[in-house]
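Have a look at the structure below, then the notes.
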Amino acid sequence: MVTLQDKYSRGFKTLRVSLLSTCNLGCIYCTMGSEDEVIYDHRPQTPAASFIKTIAALHSQLNLKTIRLTGGEPLLYRELEEVIAGIKAFGIDDIRMTSNAFLLERNAVKLKQVGLRSVNVSLDAMDEDSFFRMTRRKQLQRTLKGIEAAINAGLEVKINAVIMRDQNHDQVLPLLDYALKHNMPIRFLEVMAMGHLYGNTEKHLFTQQDILDTIATKYNFMRLPRKPSATANYWQTEQSGIFGIIGNESEPFCQDCNRLRLDAEGNIYGCLSNNNPIALSGNENDDELTDKLQQAMQQKQSLHFVGSELSMMHIGG
Ligand code: SAM
């Protein structure tokens, strides 16, 4: 095992795996909306065995604590259960997923049984028109049913809501009301300069302060201490509900980032804002793998997110 650290003492303890680069929603911050980005993709998917082999090799060097499965939409990945079971088999218990929940209703119980611990569900609106404006799909009810199924299956559920000025900023309070009612933590995300929004976020940015000001019209709250390596800052309402803000622009969280990313083509990235893939062949010996991990570590930006032309749908959100 290697101790890999950069000058800010950052290591890699969380691996985010993008299982595939396609999705069944067309969220406006993630895609340009062309159908080939957002419909069922019949191209061959990377086999589960290949993901498991790569994750095992990375784990042997890094002693990973958490694996987050994402995409694209991970529920479109046909061998999702096999990947989860495979990861669990080599001793990592903290297996999480980020999903739009579109297919969660029929999968939640099986995923829990094979070892999934939690799911972060992307939900950007509480009314059909806003949901359609954000995702290009009229599927709010289906998403809500997916969330309900996940809760009933015993999965920990958090909500992620990207807030864009003049698109869904009027949804902050309805989303918070919904999350508080179901006792689920919710995190609001400032829009990030990724993919087609690279260099073009200013007019969409609804800042951490804007979100707090909106919430303050209805709730009293106090700030909680930040946990190490967390992406979100958290607040607690007077009624003991928790909400968070991933204020990438207002309060970047790069200083203790511990995340490594693996995409569906077997490339690793040390930073969300680096679009230079480091290809893994799957046959590296220990020294070669260490060398590639060191390259990935050097990709980490210093303390502020600069963005990337790569969409989150590819690198994995
Ligand atoms: N399909 C899954 C989902 O919808 O959760 C997983 C992949 S999606 C790329 C993961 C996360 O990335 C979502 O929470 C989404 O909201 C976020 N995301 C994608 N592009 C973003 C951007 N430009 N700014 C902020 N968040 C973004």
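In each ligand, atom 1 is the first atom listed, and ligand 1 is the first ligand listed.
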_When you compare the side chains of Thr290 and Gln61, does any donor N or O come within less than 3.5 Å of an acceptor on the partner?_
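The answer is yes; a qualifying pair exists.
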*May I ask you to check whether Asn24 and Gln139 show a side-chain donor-acceptor distance below 3.5 Å?*
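Side chains of Asn24 and Gln139: no pair found under 3.5 Å.
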*Is a salt bridge present between Lys65 and Asp93, judged by a nitrogen-to-oxygen distance below 4.0 Å?*
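Salt bridge absent between Lys65 and Asp93.
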*Protein residues having a heavy atom less than 4.0 Å from any atom of ligand 1*: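 Ligand 1 is contacted, at a heavy-atom distance under 4.0 Å, by Cys23, Tyr29, Cys30, Thr70, Gly71, Gly72, Glu73, Thr98, Ser99, Asn100, Ser122, Asn160, Val162, Leu189, Glu190, Val191, Met192, Met312, Gly317.
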*asked:* For a quick test of reading the model, state the closest non-hydrogen atom pair linking Ile84 to Leu116 and the distance between them.
replied: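 Smallest interatomic distance, heavy atoms only, reads CG2-N, 3.7 Å.
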*Looking at Phe206, is Arg165 sitting on its ring face, NZ or CZ under 6.0 Å from the six-membered ring centre and within 45 degrees of the normal?*
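Ring-cation test returns no.
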_Can you confirm whether or not the ring centre of Phe243 sits under 6.0 Å from the ring centre of Phe221?_
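When the ring centroids of Phe243 and Phe221 are compared, they turn out to be within the sub-6.0 Å range.
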